[in-house]
Amino acid sequence: MKKFNSFPIIKTNLLSHHSITITTLTLSNEQQQQQQTQTSKQRVSEQTCLSLLHSCTTLTSLTQIHSLILKLGLHQNPLVLTKFASTSSNFNSIHYASSFIFHSHHNADPPSFYDAFLFNTVIRAYAQTLHSKSMALHFYKTMLCYGVLPNKFTYPFVLKACAGIGGLNLGKSVHGFVVKLGFEDDLHVQNTMIHMYCCCEGEVEFARKVFDGSPKSDSVTWSAMIGGYARSGRSTEAVGLFREMQVVGVCPDEITMVSVLSACTDLGALELGKWLESYVDRMKITKSLELCNALIDMFAKCGDVDKAMKLFRRMSMRTIVSWTSVIDGLAMHGRGLEAVSLFDEMVEQGVAPDDVAFIGVLSACSHSGLVDKGHYYFNSMEKNFGIVPKIEHYGCMVDLLSRAGLVKEAVEFVQNMPIEPNQIIWRSIITACHARGELKLGETISKELIKSEPMHESNYVLLSNIYAKLLRWEKKTKVREMMDMKGMKKVPGSTMIELNNEMYEFVAGDKSHDQYKEIYEMVDEMGREIKRAGYVPTTSQVLLDIDEEDKEDALHRHSEKLAIAFALLNTNPGTPIRIVKNLRVCEDCHSATKFISKVYNREIVVRDRNRFHHFNNGLCSCRDFW
DNA sequence: ATAGGAAATG
């Protein structure tokens with residue numbers, strides 16, 4: 001009789017008082033057990049252990065249950081051991097559990113109580129824990145060595161671990177086992193397989209093969225594949241697959257929407273993004289926290305930061321990711337003061353900023369010239385929040401000083417940094433040198449940078465721009481020759497524009513479009529009109545060694561101008577034009593776009609590699625420093 | 001007992 005009412009007491013005591021209670025109750029439990037028969041004793045202690053494990057959360061209580069298990073002689077009870085392993089929620093506890101379970105059997109025959117369930121539990125615990133994926137695979141191998149046959153539950157865990165490690169050969173060999181054991185048609189296994197291949201660097205094609213060969217598919221299958229394309233920067237294919245999914249008639253869920261939204265964000269396709277939002281509403285897809293965050297990020301990065309802000313304000317629950325998305329969004333649009341005050345509001349509300357949030361607020365300061373505020377937040381990181389600044393934060397600070405024209409301070413800052421500067425930092429300084437006329441310094445640093453990172457194109461472009469400003473054409477030509485000698489190809493600049501549910505991409509001198517004749521006529525007309533309004537071409541940045549008139553011609557064929565001409569031809573007067581560039585906007589295009597916005601009375605929103613430019617009536621929101 | 005998703009210095 002006693003055994004039944006002792007049960008709840010143990011449970012409640014464990015929950016409220018932790019360790020000390022367990023030890024005392026252990027003794028009293030043992031005293032009870034002595035009066036009972038062997039079998040019922042076993043059963044009761046098994047139940048006790050399982051129940052204790054059920055409410056066990058810390059490593060300390062786990063170690064105490066461990067000694068209890070030993071005392072009660074349950075160390076070969078698979079049920080108890082499995083529960084013990086599944087209780088482990090972090091690396092320390094799963095490590096503790098697995099070494100206890102598998103200890104001392106290494107050289108002997110494996111005990112008969114090892115079963116697939118026990119291994120699965122250990123593999124799962126490791127696969128779900130950060131930085132311990134290889135341990136998951138270690139136990140999978142142990143399982144095979146011991147002759148314990150994996151079941152269909154084993155592989156999703158194993159494949160998840162492979163995905164975390166990312167080796168293709170590893171993945172392929174596990175894939176082989178899956179096929180051999182006949183689990184390849186299991187939907188869970190197949191979906192994780194797709195995800196695993198997507199996570200192997202550059203192996204989305206393997207995932208696609210599994211995807212195409214799958215006899216069944218559900219929203220998880222499609223989300224895995226769409227997410228895989230999105231993460232590898234193949235956003236067009238991600239969106240295409242989403243459309244295909246609808247044709248096939250598989251219903252997307254909120255995770256599918258997050259995946260396709262991240263592709264849409266990358267494309268900068270605002271119209272598509274709006275459509276996706278309305279689709280979510282129409283299909284009554286749950287607006288989970290993650291989905292709201294994805295929507296906010298999409299609106300901010302597709303150019304409508306006000307809409308992002310509205311959604312953010314309407315959210316009932318927010319995480320640091322939600323805050324960071326809007327702060328970054330405001331920063332990208334050059335609305336630094338708003339970003340900073342939102343950051344303050346976040347801190348006031350008791351949300352602790354993390355290192356990513358600091359990158360956001362620091363880059364907001366940097367893009368809006370808020371030097372003092374930048375210093376303030378940088379200094380508060382470690383002092384008030386215990387976050388040690390990383391290279392990204394130092395990068396923001398160097399950029400902040402550089403953009404503000406404080407080249408000397410930026411260099412000093414780098415010299416006093418406790419960590420090694422990276423190439424991004426040097427490039428910030430070189431850009432500032434170029435802008436502020438510190439051309440000698442810029443040249444020196446550029447040359448050093450080219451030495452240390454000879455295959456990075458932008459290092460040559462920076463040096464070349466400095467020579468152009470120095471009017472040293474022969475040296476500029478030499479830079480071009482150096483690039484040719486190394487067989488380097490310039491990353492072609494491209495501009496995308498969304499029109500009538502399609503994305504159009506232009507590269508410089510592009511003639512692939514049906515309308516190209518009209519587009520080039522429009523480009524010429526634009527050139528004439530803006531010249532009349534006062535535009536002077538900036539030819540010094542053309543990297544090619546050609547004469548002035550041809551340079552001007554080359555500038556006119558920049559992808560950005562082609563896209564704008566295309567938009568002027570195909571959209572209604574007065575409507576805004578939105579374009580997305582893969583590189584930073586060049587000086588000449590920036591100047592020309594200002595004139596175009598005025599002459600044609602259009603708001604032109606340009607997203608370049610780093611930020612947004614809102615052109616209106618001859619002015620740009622970046623105030624000409626970007 | 002099993003699978004897919006959100007923010008990041010230029």
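Numbers restart at 1 for each chain; the letters A, B, ... are given by sequence-line order, proteins then strands. Values below: all heavy atoms of this structure, side chains included; hydrogens, waters and symmetry mates excluded.
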* Residues forming a salt bridge (charged side-chain N to carboxylate O under 4.0 Å, His left out) with A:Glu277, sequence neighbours excluded -> A:Lys307
* **Counterpart residues, side-chain contact (heavy atoms from CB on, under 4.5 Å), relative to A:Lys310 (two or more places apart)** => none
* Structure fact -> Quick note, ring-ring contact (aromatic ring centres under 6.0 Å, His included) partners involving residues 306-326 of chain A, not counting sequence neighbours, are A:Phe312-A:Trp323
* To do: Describe the nucleic acid contact of A:Asn120 in one word from base, sugar-phosphate, nothing, applying a heavy-atom distance below 4.0 Å.
  => base
* Asked: Going 5' to 3' along DNA chain B, which nucleotides are the first and last within contact of chain A (any atom under 4.0 Å from a heavy atom)?
  -> B:dA1 to B:dG10
* Short side-chain donor-acceptor distance under 3.5 Å, A:Asp355 and A:His393 -> no
* Touch check for A:Lys83, heavy atoms < 4.0 angstrom, all strands: base, sugar-phosphate only, or nothing? -> nothing
* Structure fact -> Residues at least two apart in sequence or cross-chain that pass salt bridge (charged side-chain N to carboxylate O under 4.0 Å, His left out) with A:Lys209, listed by chain then number, are none
* Asked: Which part of the nucleic acid, if any, lies within contact of A:Thr324, taking any heavy atom under 4.0 Å across all strands shown: a base, the sugar-phosphate backbone alone, or nothing?
  -> base
* Asked: Which of residues 214-239 of chain A sit near DNA chain B, with a heavy atom under 4.0 Å from it?
  -> A:Asp218, A:Ser219, A:Val220, A:Ser223, A:Arg231
* Asked: Which residue pairs satisfy the salt bridge (Lys or Arg N to Asp or Glu O under 4.0 Å) criterion with at least one member in residues 356-378 of chain A, sequence neighbours excluded?
  -> none
* To do: Can you tell me which residue pairs pass the salt bridge (Lys or Arg N to Asp or Glu O under 4.0 Å) test with a partner in residues 211-222 of chain A, sequence neighbours excluded?
  => A:Arg208-A:Asp212
* To do: For A:Lys152, answer base if it contacts any base atom (sugar-phosphate contacts may also be present), sugar-phosphate if it contacts only those atoms, and nothing otherwise; contact means non-hydrogen atoms under 4.0 Å.
  => base
* What does A:Ile391 touch in the nucleic acid at a heavy-atom separation under 4.0 angstrom: a base, only the sugar-phosphate, or nothing? -> base
* Asked: Is it true that A:Phe206 and A:His175 have ring centroids separated by less than 6.0 Å?
  -> no
Would you tabulate the side-chain donor-acceptor contacts of residues 412-419 of chain A under 3.5 Å, counting partners in other chains and residues two or more places apart, or write 'none'?
from	atom 1	to	atom 2	distance (Å)
A:Asn416	ND2	A:Glu412	O	3.2

* To do: Describe the nucleic acid contact of A:Thr256 in one word from base, sugar-phosphate, nothing, applying a heavy-atom distance below 4.0 Å.
  => base
* Please work out if A:Phe117 contacts a base, only the sugar-phosphate, or nothing of the nucleic acid, heavy-atom cut-off 4.0 Å. => base
* Hey, does A:Glu254 reach any base, or is it just sugar-phosphate, or nothing, if we go heavy atoms under 4.0 Å? -> base
